[in-house]
Amino acid sequence: GRMSGDSCQVFLLRCICQNFSSINYLLNLFSNLLSLPNHIYKRITSLPQINDTSLIQKYSDESKSISDNNSNDVFFANACRTVCEINKKSHPNYNQTIEINLMVSLLYWSDLFLSDMLDNKGVKHRKLIYSGKLNYREYSFFYFATLMGIDVMLLLPEGDTSLPKVLSD
């Protein structure tokens with residue numbers, strides 16, 4: 001991945017752990033690394049579904065602007081389009097409705113979890129740790145975060161869910 005304006009190494013790490021001591025070890029290791037200056041660290045245990053119809057309409061309109069290449073943030077829009085292209089390759093019945101629903105989720109979760117990380121220009125290292133349900137939409141969001149220059153660690157204490165090969169490579 002890379003960040004707007006600066007090249008950087010970004011990781012997306014999936015950890016399938018058989019016991020909680022492994023997870024606690026990884027969390028402690030990650031927390032120690034983040035005690036350095038200029039770090040933002042967030043731990044997420046679930047990605048909420050969007051239920052507010054006015055927000056759904058707002059993000060649907062924004063997704064249309066991105067699809068039509070009318071977005072003000074080219075870097076952000078390119079990351080959204082990249083995620084949609086990857087999903088298109090993994091879903092044989094991919095259509096515009098699926099794409100809009102995916103984009104609405106990406107935009108909603110981005111506003112909830114990434115906006116403060118991306119707006120803070122003094123921060124050099126942005127890290128997300130997720131331990132929760134992981135399906136294609138959640139995985140796509142975390143891949144999107146890496147495209148935005150955020151390191152992501154996915155902790156899967158109950159094993160990995162079945163992801164299409166194109167998403168897990």
Begin from the C-alpha positions of F76 and F144 and carry the test ring-ring contact (aromatic ring centres under 6.0 Å, His included) through to its verdict. CA-CA 9 Å; F76 187 89; F144 170 78; 5.2 Å; yes
key: Partner set under salt bridge (charged side-chain N to carboxylate O under 4.0 Å, His left out) for D73, not counting sequence neighbours   =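 D73 satisfies salt bridge (charged side-chain N to carboxylate O under 4.0 Å, His left out) with no residue once adjacent residues are dropped.
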Note to self: Restricting to salt bridge (charged side-chain N to carboxylate O under 4.0 Å, His left out), what partner residues turn up for D68, sequence neighbours left out?
What the structure shows: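 D68: salt bridge (charged side-chain N to carboxylate O under 4.0 Å, His left out) contacts with K64.
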Any donor-acceptor pair under 3.5 Å linking the side-chain atoms of R43 with those of S131?
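Short answer, yes.
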Between [atom1] on residue [X] and [atom2] on residue [Y], distance to nearest 0.5 Å:
X   : Y   : atom1 : atom2 : result
I50 : I56 : CD1   : CD1   : 5.0 Å
E99 : T97 : CD    : OG1   : 10.0 Å
N87 : H91 : CG    : NE2   : 4.5 Å

Next item on the list: Report yes if the side chains of Y108 and D52 come closer than 4.5 Å at any heavy-atom pair, otherwise no.
Entry: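 No, every pair of side-chain atoms sits at 4.5 Å or beyond.
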Taking [Y]'s backbone N and O only, do any of them form a donor-acceptor pair with [X]'s side chain (distance below 3.5 Å, no angle check)?
X    : Y    : result
K127 : I150 : no
R81  : S67  : no
W109 : P48  : yes

*side-chain hydrogen bond (donor to acceptor under 3.5 Å, both in side chains) partners for Y59, two or more places apart*: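 With neighbours one apart ignored, the set is D111.
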V74 and L147: same hydrophobic cluster, using ILVMFWY side-chain contacts below 4.5 Å?
->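 No, V74 and L147 fall in different hydrophobic clusters.
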Worked verdict on M103 versus I100 for side-chain contact (heavy atoms from CB on, under 4.5 Å) | CA-CA 5 Å; M103 293 271 282; I100 289 170; 5.7 Å; no
Of the non-hydrogen atoms in [X] and [Y], which two are nearest, and what is the gap between them?
X    : Y    : answer
L107 : E62  : CD2-OE2, 3.6 Å
L128 : I44  : CD2-CD1, 3.6 Å
A79  : M148 : CB-SD, 3.8 Å

Check your understanding: Could you go step by step and tell me if L102 and C84 meet the side-chain contact (heavy atoms from CB on, under 4.5 Å) rule?
Key -> CA-CA 8 Å; L102 175 61; C84 287; 4.1 Å; yes
Checklist entry - Can a salt bridge be assigned to the pair K42 and D116 using a cut-off of 4.0 Å between side-chain N and carboxylate O? => result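 Answer for the salt bridge query: yes.
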Take I98 and Y136, measure what side-chain contact (heavy atoms from CB on, under 4.5 Å) needs, and give me the verdict at the end. CA-CA 12 Å; I98 292 171; Y136 87 92; 4.0 Å; yes
Subject >> Within the 6.0 Å centroid threshold, strictly below: Y139 and Y130 >> reply: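 Centroid distance Y139-Y130: not below 6.0 Å, so no.
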* Evaluate the criterion side-chain contact (heavy atoms from CB on, under 4.5 Å) for residue pair C80 and V83; output intermediate values, then yes/no. => CA-CA 5 Å; C80 285; V83 169; over 6 Å; no
